[in-house]
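Report on the structure given below.
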Amino acid sequence: MARSQQRKLFDEAKLPPEDEDAGLYAQVVFNRPLRESFTYAIPVDMVGKILAGKRVLAPFGRGNNRTTGFCVGVSEEPPTTQKLKSIAAVLDEAPLLTPSMLRLTKWIADYYACGWGQVLDAVLPHAVKQRSGTRWTVFLQPVPEEKRPEAKLTAKQQRAFESLIDLKRPATIKELAQSARCGADCIKALVTKGWATSERRRVHSRPPVLAPIVWDRPRALNPHQKAAVDAIGGAIRDGIAKTFLLHGVTGSGKTEVYLQSIAEVVKLGRETIVLVPEISLTPQTIERFRQRFDEVAVLHSHLSDVDRHWHWQRIARGEVQVVIGARSALFAPCPNLGLIVIDEEHETTFKQETTPRYQARDVAAQRSRLENVPLILGSATPSLESWLAARQRRIELLSLPERVENLPMPRVTTVDMRHEYRSGARALSGVLRRAVIETVDAKGQVILFLNRRGFSTTILCPSCGHVESCEHCEISLTFHKKLDRLLCHFCDAEFPVPSRCSSCGLPSIRYAGIGTERLEEEVTALFPNYRCARMDSDTMRSAPHYDKVLTAFRRGEIDILLGTQMIAKGLDFPNVHLVGVVTADTGRNIPDFRASERTFQLIAQVAGRTGRGQTPGRVLVQTFNPDDPAILAATKHDYHRFVNEEMPTRKEFGYPPFDSLMRVIVRAKDEEVARHASKILAARFRACLSEFPPGAVRVLGPAPAPVAKLRDHYRMHFQVHSRQPALRQKLLEMAIKDLQLPGDTEFTADVDPISMM
DNA sequence: AGCACGCCGACT
DNA sequence: GTCGGCGTGCTC
């Protein structure tokens, strides 16, 4: 530290601090997997400028490299530590995080066992950190009359000064020069002569332009909807952190309940965050909100950095009434939050699969508690977690048992493919083929759903049984015909199409398993006169193309829309009279305790895409397991039946929603090293178990992960079950304290995992 | 995580 | 001697 600065610090210390925030020490966290925060001295010239929620640059580590960190607090108490370094620079003019957001991110770091700095870094959009689309601009303000100096102004300068006064707000050099028809020097002279003060501010260079809107009025509610809006409205007005589970079959008008609840929030001058799964973030969904409220900000993944930053700033200033977006929109910087809505709350995309591995539903509940606002969880097929919470009265259940306008539920029939298969290995059964013809001939539209992209999903040798798999992962490769390549859907590696078996060398290779690419080929061959479009992540590389296909489908320019997940959720087309589920069995064989839940939800969601107009809809579900309880319950639209069958199994095996789960994954390039390290780690967890009541926490495993090799790393995993999440947390902390695993291994703890792969 | 330190083997 | 390979331990 320079001597002059030391002296300044000494002089300054005698003076009382000017305001409460003028602490001399800052707590800083970094984007590292560290549990601690670090205390730094604040240089005199930065006292008052360093505030909780701003980013700082600080020397960190043995090399004292300048590292970006987040100030999470300032204090006047000197720290007990001997080592103390000083902050090098402040990076933000204003805090990027409110005290409430700091508390929320701290909770996430503790609950999901990662660094606070990692959470803070993940929660702020890149565009905000980079301040995309903003520039430093100089603003001038006139000096008040009594303080103006002696120095005389020239005629031009006088004119410029008058226009500055007329503006009655800080003005830029450029606009003053324009209005006074003079050069920039003439304006700068106002400052040098002391007639105006200048100030540098960061401003957006170009605000995005929004398309005009057609307004819509609130719709009449049925008694169930009314009861829901009343209950939610009460909690909004009282400002209480209450969670509601809005359980309504597809087409029961959940969105109208959200909209009218949000209207209550808007009346109070507060903001609402609406979370929807990324694939439901369609122009259609967005329009419904924009048609009711003046200020809606939509946070898509396709937003440019400039637009994203601009929206973020507007939200932070409280200028936005409703924020709609996928998972990360939960961290929108709303200054006066009034309500959080999570639509399709059961969707697995609300769980982030990279650090911080948070579940948006649970983080939303935490934000709701911290800010005293209600939370609405909406779904036709609620997650078992939410359902149990409602049953135990931890959250309030609101049911919408009827479809609006009393539309009937679509008729769902299973097609037993065990019988169909004898007539040749085609994607579409005779029943489904006939149904497609009947529907299109009657001027109706068809959706065909298949949850696998590509042409063939298995490339195998009929003589030796070898299945072509990825070099880097233990995953079978998918043949993509248009690309003429084999693709790994886990690591995106590409391989040439083999002319002979890579194991035994025989040239007869079988392409088995049907993907959407092959389905499209079959459909166009079967129905050459029907107009067909495919929607999956291969054909929908760009957002405009996606909108184009959906618009064409809406206009009736497409008869058959086929695709993956993308077409399963949220779409609302009244003319869809038939939905075909090409196979309901994908995912049935994966080793995941939620497999049944996924199957049930998927069929129920896809079925909801039809029967939204006057004609009753029809759904055909092709399956090799027509007696599967989840499939049977879904065909009967019977959520309760599904729950009553699934809950006892979960309870018996100690799975969620009864036990809270943590999955620990150990990775290494060498298979033996991974196996060994996972054993050591699991043993450490078990060694700590004596500290807990017997049976309160259980450790299961280790075993190879279902995807045993991924991106050249062998993977082992084990599970920690507990009725009380706090105990599981404690165990993790104890087990990884002073942990030393072989250098070439890595491990991750996934709290409340959603994928067991 | 990221990075400096240090302790080994292979080289001018 | 010293360059650099990677394990290992710490970060206010």
Side-chain angles (χ1 to χ4, degrees), chain A residues 1 5-6 9 13 22-44 46-47 49-91 102 105-106 108-110 112-124 126 129 352-358 664-670 672-674 676-677 680-681 684 710-713 715 732-733 735-751:
Chain A
M1 196 191 274
Q5 225 174 28
Q6 268 179 356
L9 187 65
L24 295 171
Y25 303 95
Q27 268 77 251
V28 178
V29 292
F30 297 92
N31 181 15
R32 302 276 147 85
L34 303 168
R35 316 288 298 131
E36 312 86 22
S37 72
F38 299 86
T39 308
Y40 283 86
I42 300 178
V44 245
M46 294 183 206
V47 171
K49 290 200 178 88
I50 292 181
L51 304 173
K54 286 190 186 186
R55 286 171 305 160
V56 294
L57 216 50
F60 189 57
R62 279 193 282 202
N64 282 332
N65 292 303
R66 284 184 163 204
T67 311
T68 302
F70 294 88
C71 174
V72 292
V74 288
S75 64
E76 287 166 52
E77 321 289 295
T80 45
T81 177
Q82 300 301 307
K83 347 166 200 182
L84 190 66
K85 297 175 190 175
S86 293
I87 301 278
V90 200
L91 295 175
L102 286 170
T105 49
K106 176 69 164 65
I108 294 172
D110 291 343
Y112 294 100
C114 64
W116 192 357
Q118 289 180 293
V119 181
L120 289 168
D121 195 64
V123 147
L124 287 170
H126 273 289
K129 286 180 278 193
Q352 178 145 66
E353 290 293 317
T354 54
T355 308
R357 297 170 160 265
Y358 66 90
V664 180
I665 304 157
V666 179
R667 290 184 307 268
K669 285 213 166 171
D670 184 87
E672 258 324 297
V673 171
H676 181 69
I680 293 176
L681 193 53
R684 275 190 76 117
L710 184 62
R711 292 174 215 273
D712 292 317
H713 287 265
R715 304 161 82 238
L732 174 69
E733 224 163 89
I736 62 173
K737 199 164 178 275
D738 308 313
L739 175 73
Q740 265 162 311
L741 279 179
D744 42 4
T745 56
E746 295 166 49
F747 84 95
T748 337
D750 190 355
V751 174

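Below, chains carry the letters A, B, ... as their sequence lines are ordered, and counting in each starts from 1.
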Protein and nucleotides 4-8 of chain B: nitrogen or oxygen contacts under 3.5 angstrom:
from, atom 1, to, atom 2, distance (Å)
B/dA4, OP1, A/N65, ND2, 3.1
B/dA4, N3, A/R62, NH2, 3.1

Partners of A/F60 by ring-ring contact (aromatic ring centres under 6.0 Å, His included), sequence neighbours excluded? A/F30, A/F38
Rounded distance (nearest 0.5 Å) linking atom OH of A/Y112 with atom CD of A/Q352: 10.5 Å
Quick check against the 3.5 Å criterion: does A/Y40 have a side-chain atom that pairs as donor or acceptor with the backbone of A/P59? yes
In DNA chain C, consecutive runs of at least three Watson-Crick or G-U pairs below 3.5 Å, as range with range, amount to B:1-11 with C:1-11
With a 4.0 Å heavy-atom cut-off, tell me which residues in residues 26-39 of chain A come close to DNA chain C, sorted by residue number. A/L34, A/F38, A/T39
Non-hydrogen side-chain atoms of A/K54 and A/V90 separated by less than 4.5 Å: yes
Can you tell me how far P of B/dG2 sits from CD of A/E746, to the nearest Å? 11 Å
Sugar-phosphate only, base, or nothing, as touched by A/Y40 at under 4.0 Å among non-hydrogen atoms: sugar-phosphate
Rounded to whole Å, how long is the line connecting atom CZ of A/F60 with atom P of C/dT11? 9 Å
Just by modelled atom types, is the A/C114 backbone N or O under 3.5 Å from a matching donor or acceptor in the A/R35 side chain? yes
Short side-chain donor-acceptor distance under 3.5 Å, A/R32 and A/T67: no
Tell me every residue that passes ring-ring contact (aromatic ring centres under 6.0 Å, His included) with A/Y358, counting only those two or more places apart in sequence or in another chain. A/F331
Please report the distance, rounded to the nearest Å, between NZ in A/K669 and P in C/dC6. 11 Å
Do other residues, nucleotides or ligands put more than 12 heavy atoms under 6.0 Å from A/K129 NZ? yes
Is a donor on one side and an acceptor on the other found under 3.5 Å between the side chain of A/R684 and the backbone of A/A735? yes
Residues that A/D670 engages under side-chain hydrogen bond (donor to acceptor under 3.5 Å, both in side chains), provided they are two or more places apart: none
Find the distance A/D121:CG to B/dG2:P and express it as a whole number of Å. 11 Å
May I ask you to check whether A/W116 and A/T105 show a side-chain donor-acceptor distance below 3.5 Å? yes
